[in-house]
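I have placed the structure first, in the form of structure tokens, so that the comments after it can refer back to it.
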Amino acid sequence: MFDFLHELTPEQKKAATIVDGPLMIIAGAGSGKTRVLTHRIAYLIATGISPRNILALTFTNKAANEMKQRIHKLLSSSDAYAVWAGTFHSMFLRILRTEHERLSLAENITIYDTDDTLRRIKYILKEFGLDEKQYNPNYVAHRISEAKMKLLGPFEYLNHSQIQAEDRARRVPQLGTIYQTYQHQLQLSNALDFDDIIYYTYILFNNHPDLLEKYSQIFRYILVDEYQDTNEAQYQILKLLTTYHQNICVVGDDAQSIYAFRGANIKNILNFQKDFPSATIVKLEQNFRSTGIILEAANHVIQQNKKQLQKKLWTNNPTGQPITLIKALDEVHEAEEVVSRLFHSKNTFQTKNGDFTILYRTNAQSRPFEDALRKMNIPYKVYGSLSFYNRKEIKDFLAYLKLIINPHDEEALLRVINYPTRGIGDVTINHLIQLARKENTSIWNILLRLNNISHALPAGSVIRLNGFKNLIQSFQESKFDHLYELAMHVYKKSGMRQDIESLNEEEKLSRSQNIEELINSIQSFEQSFTFENFKAPTLADYLYTISLITTGDNTPSEEEDHVKLMTVHAAKGLEFPIVFIVGLEENLFPLSYLELTDPDNIEEERRLFYVALTRAQRKVFLSYAQTRFRFGDRIATAPSRFLREIPQHLFEQTQKYPSPAETTVHKTIIAKNQNSSTSKHHIPPEEIAPIEHILPGQQVLHATFGKGYVESIEGEGERKRAVVVFDSVGKRILVLKFARLKILS
DNA sequence: CTCCTCCCTTTTTTT
DNA sequence: AAGGGAGGAG
């Protein structure tokens, strides 16, 4: 019956089979954490515990789904799908939707994303007549979010003497009032932001003992993955839910805590034993993922951090290949070098595209890699950037859909009340807002009562406003068998389609394709939802799902063999055979936007680098560029301090340590060093042709691309470029200043 | 009320 | 480099 446990090591087995009481599993990178979690849940079910009494909180929706599938396999029973598994946000939203009456929330809530929150704050600042320079909207949003994650509502915020003193010192004394207004407006809009989902769940359990008891009974066994990244509010909810039965199992690794900016409180994991004195601690220290070299590098890096739980990660895996360091001139060259390594090792070792992953610190870095991969005809996919849902046309369209389920949503309403333009201008809108504020109600309620108060507005405006109201109501009343049919209807009747058709070719194509993609995705959502839930989804089901989408969720089918690109944050919890960690430069990784002098900031960046290294199974490539385009300027960069924290003997021996002084070195010297680290075709410096000697028609040799034919020369001076057709990679445009070509004929 | 142009900021990571 | 906001003309 428990046959599946034989797959585990003694320590893993212990972690999987201690059923009752608090348990903390310190799971080092690659120590089989997911395996332990799935076996543990399977074990609980096999001992007779109902899957409906198990709550498993994961970091992404994808992780939750994969977990269910694996448990399903272990047990050969569909019981697995009855486990409550998902992210904090999706699980708690489910509870809030069920219990909405107890919090005086409407049934159909809208979820505001970061963008919506920011727009709302800007509105409020305008209404208050406050300057955005003094009250930076991003800072205001951050403060409000921080307060909620610490369970401070507007009332507590305004009565917190220390916070008030802080705000006065920072010259933002009205922040508390802004928070209060923001929260009030969200309430009138029937809207919750991400932090509210957690915050209100706490309020729900804390203020309603009967509900706390109800859910404590349901969630008899609670498992929390990535515990090091939980925040104070999440921790307090867990404390409440486990008061009666104490059956809490947390899994985490303090060395992989990388979400402090999101309120993650590393104390949660460091203090677990204090919080749950009867806790058992199991440490998983054997790494099954990486080679000896990768692990040694990672261990050296993380040892630089002062604040951490003591543990020693070890492995029986082979030593493996040394780490390759790639030094590039700029971000474009960096991408070309990375892709050419990738191409080379793919051909040499018969590796699939899907074995390669490129990790970077910031989303903006993906562009040159995409270009380079496209040039080489290598399929790739950028994971995790949610930019699709941030596109204007998508947001506009979703605003219409949101208004169908919740017309009080002021953010959605203001977004489309005059899009496409229908003669409702700023004056009318401001008037409307004034009326709503005066009556302390939503704009939609004003629209509903328009005929009673029409004397307040010009007759023409009233007609147009009624037209908009009728449009939304017609959507609400329309009946379709399928959501995508409704979506299609809304697209046409709202006037969005006509507006998009009227744009220039390029815009028209890209926007209508995006809308089409969205409508297709609605259709496939309907199919999978119906398959899993034995009933058709409502529009609300769809909107909630996309509101809480997490980075790993856009799972492409496994048969597509493509290179993966993502941020290090998005790579958390995943593993890949061959990993390129790129942009290893001071101020980029570690990123410095505030103070790199703050040891806490550096330690968090270092943990991030540690996470990146430990994703790799077989081989790591590290790269950095010596200049980079930032804020419209090309600036010199220095190699990351993290590179020097890896022992030199772990690198490929032809390579030199990057020195901090290197960036001040001039380009000629950079050009010399260049050859040693990246070339397949060695070109001694004295053989590099002067720029003016390169002419169309010549055969030339490039260090990376090999032999090629100069088709043409363009540009002058610093910008002089050559179009070269290479035997290996086809046509390339090279900036001659950097190209370092040798003339063959 | 709408459209156009110019200027400004933005780039940290994500639920 | 690009998109949004402000401000002005029609």
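First the proteins, then the strands, lettered A, B, ... as listed; each starts at 1.
- With respect to the salt-bridge test (charged N to carboxylate O, under 4.0 angstrom), the residues A:R119 and A:D113 do not qualify.
- The CG-C1' distance, from A:L57 to B:dT15, rounds to 13 Å in whole Å.
- A:D229 has its CG atom 16 Å from the P atom of B:dT13, to the nearest Å.
- With sequence neighbours excluded, the residues satisfying ring-ring contact (aromatic ring centres under 6.0 Å, His included) with A:Y227 are A:F272.
- Remark: P of B:dT14 and CG of A:N61 are 15 Å apart, rounded to the nearest angstrom.
- Considering CG of A:L55 and CG of A:L241, their distance stands at 7.5 Å, rounded to 0.5 Å.
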Listed pairs, N/O of protein and of nucleotides 2-7 of chain B, under 3.5 Å:
| residue | atom | partner | partner atom | Å |
| --- | --- | --- | --- | --- |
| B:dT2 | OP1 | A:G423 | N | 2.9 |
| B:dT2 | OP2 | A:N418 | ND2 | 3.3 |

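- Contact between the side-chain N/O atoms of A:N363 and the OP1/OP2 oxygens of B:dT14 is found at a separation under 4.0 Å.
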Could you please spell out the steps behind the ring-ring contact (aromatic ring centres under 6.0 Å, His included) verdict for A:F261 and A:H142? CA-CA 9 Å; A:F261 71 91; A:H142 169 74; 9.5 Å; no
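- The 12-atom threshold is not exceeded at CD of A:Q498, counting heavy atoms of other residues, nucleotides or ligands nearer than 6.0 Å.
- No hydrogens or angles were tested; on distance alone, a donor-acceptor pair under 3.5 Å links the side chain of A:T114 to the base of B:dT15.
- The local environment of NZ in A:K469 is crowded, with over 12 non-hydrogen atoms from other residues, nucleotides or ligands closer than 6.0 Å.
- Below the 3.5 angstrom threshold, one finds no donor paired with an acceptor across the side chain of A:R262 and the base of B:dT13.
- Distance CD1 (A:I258) to C1' (B:dT14): 10 Å, rounded to an integer number of Å.
- Where stacking is scored as ring centres under 5.5 Å apart with planes under 30°, A:F261 registers as stacked on the base of B:dT13.
- Counting to the nearest Å, the P atom of C:dA2 and the CZ atom of A:F629 are 11 Å from each other.
- In terms of position on DNA chain B, the residue among A:T567 and A:A364 whose nearest nucleotide sits closer to the 5' end is A:A364.
- Counting non-hydrogen atoms under 4.0 angstrom, A:F59 reaches nothing in the nucleic acid.
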Under 3.5 Å, side-chain donor or acceptor atoms of residues 542-549 of chain A against the rest of the protein: list the pairs with distances, not counting sequence neighbours.
| residue | atom | partner | partner atom | Å |
| --- | --- | --- | --- | --- |
| A:Y544 | OH | A:I109 | N | 2.9 |
| A:Y544 | OH | A:I109 | O | 2.7 |
| A:T545 | OG1 | A:D541 | O | 2.7 |
| A:S547 | OG | A:L543 | O | 2.7 |

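- Not one side-chain nitrogen or oxygen of A:T60 sits closer than 4.0 Å to the OP1 or OP2 atom of B:dT15.
- At whole-Å resolution of the value, CG in A:L588 and P in B:dT13 are 11 Å apart.
- The CG-P distance, from A:N231 to B:dT13, rounds to 20 Å in whole Å.
- Within the 4.0 angstrom heavy-atom criterion, only backbone atoms of the sugar-phosphate kind lie near A:V427; the bases stay farther away.
- Relative to the side chain of A:Y259, the nucleotides C:dA6, B:dT14, B:dT15 differ in distance, and B:dT14 lies closest.
- For A:T87, counting side-chain heavy atoms from C-beta on, the closest listed nucleotide (B:dT14, B:dT15, B:dC1) is B:dT15.
- A salt bridge is absent between A:R415 and A:D116; no separation between the charged side-chain nitrogens and carboxylate oxygens falls under 4.0 Å.
- Atom CZ of A:F589 is separated from atom C1' of B:dT13 by 10 Å (rounded to the nearest Å).
- For A:N138 and A:F194, each mapped to the nucleotide of DNA chain B holding its nearest heavy atom, the one lying further toward the 5' end belongs to A:N138.
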